[in-house]
Structure formats: C-alpha cells, structure tokens
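Inspection log for the structure reproduced underneath, given as structure tokens.
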Amino acid sequence: MAAGDEIRRNMALFPIGIVMKLTDLTARQIRYYEQHELIQPARTAGNQRLFSFNDVERLLEIKALIEKGVNIAGIKQVMNPVGEGASEGTIMNEQSEVRRRELSEKQLHRLLKQELMVDKRMGRVSLIQGELSRFFNNK
DNA sequence: ATTCTTACA
DNA sequence: TGTAAGTA
C-alpha cells in the first residue's frame with residue numbers, strides 16, 4: 001500500500017463517543033484497554049482522546065479476543081505492542097506487520113494449547129477467563 | 001452535550 | 001465492568 005495510507009490510518013480523527021458506536025465497546029472498556037497499553041490514542045489540547053482508524057481496528061481485535069475468553073495478559077502476549085506496527089512504521093513495514101498478524105494467530109493457538117498442558121498442575125495465573133477458563137481449569 | 005479522572009459497588 | 005461525582 002502507499003505510504004500515505006499509513007499516515008491516514010494513524011491520523012487521530014474521532015472522539016470516544018464515535019469509537020463506542022464503531023466498536024460496540026463502552027467508554028469504560030476503551031479507557032481500560034488504554035490503561036493497560038493495548039492502545040495509545042492521541043489527545044487534543046483539552047485532553048480529549050482522539051482515535052485513528054488503526055486504533056479502532058485494534059479495539060476490534062481486542063474485542064474479538066475478549067469474546068474468545070482471553071484476558072488482558074493473554075492479549076498482550078498475542079497482540080503487537082503499541083507503538084510498533086503502525087505509527088513508527090518504516091516504509092518497508094507492510095510485510096512485517098502482516099507477519100506479526102500471522103504470528104499472533106499462531107501465538108494464540110500456542111497460548112490455548114499451553115493452557116491445556118499446564119491446567120493439571122495448579123498454581124499458575126490463567127490467561128483465559130469465564131466459560132473458557134472454567135473448561136480448562138476444571139473449576 | 002461530551003469527555004475526563006477517580007473511586008467505590 | 002458499571003456507575004456516580006465533580007470538572008474541563
């Protein structure tokens with residue numbers, strides 16, 4: 001893709017209200033994910049958050065993982081660290097980002113498989129919660 | 001009218 | 001996570 005697209009995708013455009021409608025996430029959740037460094041929206045002079053298309057896409061990925069039962073710790077392990085991929089991107093960064101996505105998919109599988117293995121021996125903080133967690137941990 | 005932070009349920 | 005409170 002063109003270099004200009006990268007700029008447009010990272011351009012701070014919409015306030016949290018619009019992002020809420022775009023992602024079906026509550027303001028609470030969006031701010032919470034920011035606190036845990038899953039996203040890094042820009043700020044206006046008045047301290048208002050301004051999200052980019054990339055931020056929205058990231059939030060949708062986070063939402064998908066949450067719905068799969070992965071918690072923040074797990075998401076941090078399978079998702080690219082903020083600051084990488086998009087914003088600080090070099091010109092030849094398109095492929096590396098694609099590779100990261102593929103790698104993340106594999107990491108998610110490894111994560112779930114890893115959970116299956118260690119579920120027998122207790123004393124470990126799980127990366128999955130809810131129904132999924134109960135299934136794996138036999139609680 | 002919206003959003004922000006902090007704090008408690 | 002939800003929500004109330006007091007601001008900006």
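Predicted, not measured: the structure shown is a model, and the values here were computed from it.
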Among all residues two or more places apart in sequence or in another chain, which pass the side-chain contact (heavy atoms from CB on, under 4.5 Å) test with [X]?
{"X": "A:Ala73", "answer": "A:Asn71, A:Leu127"}
{"X": "A:Ser104", "answer": "A:Asn80"}
{"X": "A:Leu25", "answer": "A:Thr23, A:Gln29, A:Ile30, A:Tyr33, A:Leu59, A:Lys63"}
{"X": "A:Ile7", "answer": "none"}

Which residues pass the side chain to side chain donor-acceptor pair (under 3.5 Å) test with A:Arg49, not counting sequence neighbours?
A:Glu34
Please indicate whether A:Glu37 has more than 12 foreign heavy atoms, meaning atoms of other residues, nucleotides or ligands, lying under 6.0 Å from its CD.
no
Reading 5' to 3' and counting Watson-Crick or G-U wobble pairs with both distances under 3.5 Å, write the dot-bracket notation for DNA chain B, | for bases paired outside the strand.
.|.||||||
Please encode protein proximity along nucleotides 2-9 of chain B as a string of B, S and -, counting only heavy-atom distances under 4.0 Å.
-SBB----
Sequence neighbours excluded, which residues qualify as ring-ring contact (aromatic ring centres under 6.0 Å, His included) partners of A:Phe14?
A:Phe53
ring-ring contact (aromatic ring centres under 6.0 Å, His included) partners of A:His109, counting only residues at least two apart:
none
Chain A contact limits on DNA chain C, taken 5' to 3' with a cut-off of 4.0 angstrom to heavy atoms:
C:dT1 to C:dT3
Residues 15-32 of chain A vs salt bridge (charged side-chain N to carboxylate O under 4.0 Å, His left out), sequence neighbours excluded, gives none
Salt bridge present between A:Arg58 and A:Asp55 (N-O < 4.0 angstrom)
no
